[in-house]
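Data first, discussion second: the structure below is written as structure tokens.
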Amino acid sequence: MSAQPVVQYASLTDVGMRRSANQDSLAVRLCKEYSEWVEMGHLFVVADGMGGHSVGDLASRITVETLPLAFVKSNAETPSGRLDEAFAAANRAIGDKARENPEFADMGTTCSTLSLSGNGAWIGHVGDSRIYRIRNDVIEQLTFDHSLQWEMMRQGHASAENSESLHPRNVITRCLGPDKNVEIDIEGPFDVRSGDRFVLCSDGLTGHVTDSEIGAIVDVLPVDDASRLLIDLANFRGGSDNTTVVIAVVEEYPPITALTVESQAAQIARMDKEVVPAIRQTQRTLRAKRTRLATALFGVLAFTGLTLLMTEYKSLGLSLVSGALILGFVQLIISTQGSATVEVDKANRPAKLAQLGAREPVELSPYRRESAEVRTEFLDLLARAHSELTTAATDNGWKLDTVKLTQLAQMATAAGKDCSSGGNLSAYAAALRILMKEFTTRMRPRG
Ligand code: CA
């Protein structure tokens, strides 16, 4: 009996420093049995709700309750089919609820879902919450933001540099709820290796913490400390929105199972069904055009040549007739070869697919890549945050565990001297936890 993967995870959601309610929701569903894991895998979900009259949390709550259940109950044979059905079920459930009460009418939610199974990692995604993978000191964004900024960049109307100033960050172009038919990005399988770290988060995190900072923190700290520091950092920098973080660290991953092969075979079969006929049709159309052109040319050459043979320009006529005969011969050879079976290069299928416009997305994951190394500038920044918060604590007479804080500051300095970025980050994370706990309690709006 094979063993399940060893996955450590942590999940946290926080209201932030400005909002009075938390509209984010999350769910984690771990498989109990190996066979269950092979088929459907551990599931991680983050949803960021929106809507007036304080019902924003309703759509995200319905999603995290409906989606995992529908995912497990699905009879689909492939992970993509399973995700498809689960997202459709969540979308229906929100729509049904919205019709019950006019106040619920405009509610919606983003949803990013990760399945870690015997089929590798699969992602279902709509909206601007994100899924990242951290591997070998690099953080990769595996999801495409369905935001005005990203859509404008995709269409070439904005660049990474100016999109921030041209378009507001928080306008999303797709979400669950408002429309009966919503397009979901389903991508996979991504291979999974021991040591991989996955992060799911709402835009409350990515609005304040950069990709490389997320990468460094998650790469170095244990999952609980990392999730805590990410939220503390977002709140320290303003906490303008609700923040949700789910981290999954793969300590050991069993080898790919036979199901993966089946799943890939199913995908290839689907591609064969959709793509190969399309390519054949294109080739048939091209061949027919070429044949018509060659026949017309053959006719003109032969007719003109034969006519000239009866005049004084016999040699020119002979040349034209020979040309017509050669053309006819060449066309005969081409048409014989063209009737052979069309072979489609399997490796190039996604490209062929895109080329034929047969299926979106043309662009494939990962969408962004950054270094996840712990940079000195980032450690300096944490040191400054520590010092600013300590000054605020002293000025305002907060009662803090000053002995512990001094100890942590000394640990951070010692780690800095030893060039231990992990130790340094770890000490600052613990110190910021003590300080931010006090800071958020005092500064958060009540109600
Ligand atoms: Ca949000």
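This is a predicted model, so every value here is computed, not measured. First listed ligand is number 1; within each ligand, the first listed atom is number 1. If you read the sequence from its start, that first residue is 1, and numbering goes on from there.
Not a single side-chain hydrogen bond (donor to acceptor under 3.5 Å, both in side chains) links R384 to another residue, sequence neighbours left out.
A donor-acceptor contact closer than 3.5 angstrom is absent between the side chains of D14 and N22. Side chains of D48 and T110: no donor on one and acceptor on the other come within 3.5 Å. A donor atom on one side chain and an acceptor atom on the other are not found under 3.5 Å apart for S112 and S129.
When each of I134, V223, V250 is checked for a side-chain contact (heavy atoms from CB on, under 4.5 Å) with R197, only I134 meets the rule.
W122 and F44 have their aromatic ring centers separated by at least 6.0 angstrom.
Within the protein, the N, O or S atoms sitting under 3.0 Å from the Ca ion (ligand 1) are D48 OD2, D203 OD1, D241 OD2.
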